[in-house]
K.L.:
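Could you have a look at this structure, given as structure tokens, before my questions?
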Amino acid sequence: MSQHTITVAGVAVDARHWIGGERVASTRTFPDVSPIDGSTIGEISRGTATEAAAAVAAAKAAFPAWAATSRAERARILHAIAGGVEKRIEELAIVETTDNGALLRSHRRGVMPRVAHNFRFFADWLLQLDHEDFDTRGHTNHVSWDPAGPCVLITPWNAPLMLATWKVAPALAAGNTVVLKPAEWSPLTASLLADIAAEAGLPAGVLNVVQGYGSEIGDALTSHPDVRRISFTGSVPTAKRIAESAAAHLTPLSLELGGKSPLLVFADGDLDLAVDLAVEQYDNAGQVCLAGTRLLVEEPVAEEFTRRFVERASALKQGDPRDEATDIGPNIHPRQLEKIDGFVQRALAAGARAVIGGHRKEDQYYAPTLLTDVAPDAEIVQEEVFGPVLTLQTFTDEEEAVRLANGTRFGLAATVVTGDPERAERVTARLVAGTVWVNCFFVRDLQAPFGGSRLSGVGREGGTWSFDFYCDVKNTVTAPKGWKDHG
Ligand code: NAD
């Protein structure tokens, strides 16, 4: 075990970068702090432009051979990575929980199996990726997906390995090489992924992981002339900086950003279902981009909805995320708590009423909060809080419901609860959102397009949409035998 190894709940994690198939240390480090108790888990290599350049160079060097590797062999290695993840689910789960404070039971049963599935799905999708040839006056059009080159993938802390592998898997499947930059608040499982990929036989340089603060290493990655794709999940301000930086070489971007998604409850809907779905929005301590944080409830059922919501939400158990019985864990960082509480206190000062919560609790916990008496243009209704904070507004008809639902700068997702299929069709057709759920929430299939409208993002990933992004899509037109072009 090297001096750079951190032991997290008995699991050895290398704190250095992974570049060109080797561990590389920076001269400086940054502390990785656990949200569970504020303790320092360890010191992580603090990347700079030097490591960024080295990682891109390694990805560039590894690209020709990986791009030329057959689809079947690439798929085989991706399945082997999935197998490695499946073998280490317990380890990955406890390391991720220690690092970002999300529930251990979710990591074990939901998140980590899905990480493995990300690799299996894109490996299988690659093997059936095809477009039927078509004819133009006797000429054959053949569409192919050519690997694009080195990809820079930058990810946030709220679902670190799930979101990272949602990009890494299709990028690698497509025949690209990767430089992954995980968030500085949750750097650990990306390092374990590098180990797992190497053990699975992924050639050196095909996957590189660089650690560090986005402000220090980000620009060197996103402005690099050898980078062919940038896929980013994170906040709107960072996305704007990345877009500026990528503009130097017109590097194609995929941006998965924030949201302020509505959850519409019509009086004709199943109220118990609506309450269940609403309470679910506190999942991951509210640190979910897709969360339906704006509850829009039809006037006649608003009082009863609120009564049942308070009853259900008050029964949620908040505490140590490693405890099986816990429903809501801590928020990621003292700075995030400050931000959450700032939003709530400004809303209360502006006249909002806290039906539940509205304050911090001990350590890094925030009381699940529901705010009413909020104006449609209030900051708390318009801005993403990224904490366990929901607002409730009422509406009197479908027209007003749609106007309120579409009334922010975001458009990531929307949920509609109604018992009337015709209403569902009318309303969903008018909602501005990348994903709309009717009488359900968070049902996600990797073959579906995923992304946001307006400030929630640029582009779509998932299934063929991922390959469209990570590849240079080429159309080859072949003339029939003996054909002569007479102009
Ligand atoms: P963030 O933008 O602060 O950071 C995200 C990543 O960008 C981190 O790895 C960070 O180091 C890096 N970064 C920071 N500055 C950079 C720069 N100048 N150049 C390059 N990289 C840089 O976001 P966050 O606080 O980590 O994540 C929360 C945000 O992510 C929320 O807005 C949330 O809605 C969003 N999110 C979106 C989705 C989605 O799929 N749409 C999913 C999860 C989270």
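All figures in this text were calculated on a predicted structure; none of them were measured in a lab. Just follow the structure's listing: the first ligand is 1, and inside any ligand the first atom is 1.
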K.L.:
Report, one line per pair, each donor and acceptor closer than 3.5 Å where one atom sits in a side chain of residues 186-195; sequence neighbours left out.
P.N.:
from   : atom 1 : to    : atom 2 : distance (Å)
Thr189 : OG1    : Glu96 : OE1    : 2.7
Thr189 : OG1    : Glu96 : OE2    : 3.4
Ser191 : OG     : Asp14 : O      : 2.6
Ser191 : OG     : Arg23 : NH1    : 3.1
Ser191 : OG     : Arg23 : NH2    : 3.3
Asp195 : OD1    : Arg23 : NH2    : 2.8

K.L.:
Regarding Gln287 and Asn331, is there a side-chain donor-to-acceptor distance under 3.5 Å anywhere?
P.N.:
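Short answer, yes.
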K.L.:
For the residue pair His333 and Trp185, does the interplanar ring angle fall in the parallel (under 30°), tilted (30 to 60°) or perpendicular (over 60°) class?
P.N.:
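If you compare the ring of His333 with that of Trp185, the planes turn out parallel.
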K.L.:
Should the pair Arg88-Glu91 be classified as a salt bridge under the 4.0 Å nitrogen-to-oxygen rule?
P.N.:
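Salt bridge: yes.
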K.L.:
According to salt bridge (charged side-chain N to carboxylate O under 4.0 Å, His left out), who are the partners of Glu379, at least two apart in sequence or on a separate chain?
P.N.:
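If we apply the salt bridge (charged side-chain N to carboxylate O under 4.0 Å, His left out) test to Glu379, skipping adjacent residues, the hits are Arg346.
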K.L.:
Let me know which protein residues bring a heavy atom to under 4.0 Å of ligand 1; chain then number is fine for ordering.
P.N.:
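Correct list: Ile154, Thr155, Pro156, Trp157, Asn158, Leu163, Lys181, Pro182, Ala183, Glu184, Gly214, Ser215, Gly218, Phe232, Thr233, Gly234, Ser235, Thr238, Arg241, Ile242, Glu256, Leu257, Gly258, Cys289, Glu384, Phe386, Leu412, Phe450.
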K.L.:
Taking only residues two or more places apart in sequence, or in another chain, which ones meet Glu184 in a side chain to side chain contact (heavy atoms under 4.5 Å, CB included)?
P.N.:
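For Glu184 the side chain to side chain contact (heavy atoms under 4.5 Å, CB included) partners, ignoring immediate neighbours, are Phe30, Lys181, Tyr213.
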